[in-house]
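This structure is a prediction, so every number in the text was calculated from the model and none was measured. Naming convention: chains lettered A, B, ... in sequence-line order (proteins, then strands); numbering from 1 in each chain.
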Protein chains: 2
Amino acid sequence: MPRDASATRAKLIAAAREEFAECGIGGARVERIAQQAGVNKERIYGHFGSKEKLFEAVLAQALEEHTQTLGSPCGDIGEYVGRIYDFHSRNPQVLRLMLWEALHYGEQPLPDEERRAEHYVHKTAAFAQTLGLPPGRDAAVALLMAIGLAAWPLAVPQLTRTLAGGQEGVAATVDGAPLRDTLVAFARRMLPAPASSS
Amino acid sequence: MPRDASATRAKLIAAAREEFAECGIGGARVERIAQQAGVNKERIYGHFGSKEKLFEAVLAQALEEHTQTLGSPCGDIGEYVGRIYDFHSRNPQVLRLMLWEALHYGEQPLPDEERRAEHYVHKTAAFAQTLGLPPGRDAAVALLMAIGLAAWPLAVPQLTRTLAGGQEGVAATVDGAPLRDTLVAFARRMLPAPASSS
DNA sequence: TTGCCAACCAACCTTTTGGTTGGGTAACTT
DNA sequence: AAGTTACCCAACCAAAAGGTTGGTTGGCAA
């Protein structure tokens, strides 16, 4: 069994991701994470320093994967919203991590808020271009709400269920069309149509 | 100091509401709740049975207030979304409680899921009427997304901040218009216009 | 006045928590 | 071959958690 620090880190992050997504920062148990990773608990502190720092590492990696998988917004806006919806349907952990983070930090700044803000500048720019808008606050809010459109039904499943669910689950058909299609249609209607000329 | 069971219950629920909104179910401390309420910890178990049951009681009351304050959806759809936004801006606890609940229960049914579903039937019906739609899944999804439109920027403040926030906070102006107005405009565009004839 | 019960509380118990420590071990350097 | 560094772990710790218990007391019915 060779020694491999980065492999240990990776195993810890993978285990922590499941645990944090399921239980949040306060609810996660350091012991369980270590056990799931097949690594001693102390390694968490050796490698990451604290439970909260580990959470940050998990989230950073998850968001990295998120942007890499999803790519920049381009082409049809509705289809972009559909892609966001598909991503979160297939990777429920990422959205849950974001929500735990939201509840944990609330209005106070994130530990790496600046990096995150900078990261979103690019996305906003790409989004503005496909929308035919000047990049700015307007485009940023439009992107924010496009993400919200796709994520909201998955973020509050109990509301989605009790309102529109019934026995068919989240992907239930709505008047014959899957929820996804409804969201795509809403997005197209909500967001300004791109200028047809480049 | 007279004995008054219902007053004790009320004090406990009020204290628990703050604590649960801030920390969630797992993060809330029974001791703190009791202390904040000026009541012995044991009373929580005497009156409610468990921490989780107390959470249910808190949420039931919060949602009750929510629907009572907000009323049924009627009149202009955009303005209804604006009202939802205003409510959650002024009462951040309710949305936080809903999100903690969402993360805690996830896809598994709520303890009182049936009552909740039934409760939403009326709202959906009212919403369908103002939209000029037949009450049904279509109207329910439209309502779900109207709520989402208003609540999303407040549900994920870290995203709102890093995307569109800057130094001006959540209520920041967007090209001169407050975020609320943008949401109202989005809602009007997204949702089907009500049939003009009754 | 007396008897009774719901409401109440201080103190306690068990388990679990995040975090630490001191001793070991593979592998690279010199 | 000796020394050094980075990694790893079993065992441990103080603090804090949710929940319980045994006994006390206010207030109403008889």
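In this structure, CD of B/E31 is placed 13 Å from P of C/dA11, rounded to the nearest angstrom. Atom CZ of A/F55 and atom C1' of C/dG18 are 17 Å apart (whole Å). Residue B/I33 contributes atom CD1, which lies 14 Å from atom C1' of D/dG19 at whole-angstrom precision. B/I44 places its CD1 atom 16 Å from the P atom of C/dA7, with the value rounded to the nearest Å. In this structure, B/Y45 places its OH atom 16 Å from P of C/dC9, rounding to the nearest Å. In this structure, B/K11 places its NZ atom 13 Å from C1' of C/dC9, rounding to the nearest Å. Atom-to-atom, CD of B/Q35 to C1' of C/dC9 comes out at 14 Å; the value is rounded to the nearest Å. Rounded to an integer number of Å, the gap from CZ of B/R43 to P of D/dT25 is 16 Å.
The side chain of A/K41 lies closest to C/dG19 when the candidates are C/dA7, D/dG18, C/dG19. Of the listed nucleotides (C/dG18, D/dC8, C/dA7), C/dG18 has the atom at the smallest distance from the side chain of A/V30. Distances were taken from every side-chain heavy atom of B/E42 (C-beta onward) to each of D/dC9, D/dC12, D/dT20; the shortest belongs to D/dT20. For B/K51, the listed nucleotide lying nearest its side chain is D/dG19; candidates were D/dG19, C/dG19, C/dA7. In this structure, the nucleotide among C/dG18, C/dC8, D/dC8 sitting nearest to the side chain of A/R29 is C/dG18.
Classification of the B/W152-A/W152 ring pair by plane angle, with boundaries at 30° and 60°, yields perpendicular.
Under a 3.5 Å cut-off, the side chain of B/E118 and the backbone N or O of B/R115 do not form any donor-acceptor pair. Counting only distance, with no hydrogens or angles, the side chain of A/W100 and the backbone of A/A21 share a donor-acceptor pair below 3.5 Å. No donor-acceptor pair under 3.5 Å is formed between the side chain of A/K123 and the backbone N or O of A/T67. Without hydrogens or angle criteria, B/D4 side chain to B/S6 main chain gives a donor-acceptor distance under 3.5 Å.
One can find a donor-acceptor pair under 3.5 Å joining the base of C/dA10 and the side-chain atoms of B/N40.
Neither OP1 nor OP2 of C/dA6 sits under 4.0 Å from any side-chain N or O of B/H47.
Projected onto DNA chain D by closest heavy-atom contact, B/S50 and A/R9 fall at different nucleotides, the more 5' of which corresponds to A/R9.
Heavy atoms of B/A34 sit nowhere under 4.0 angstrom from any nucleic acid atom.
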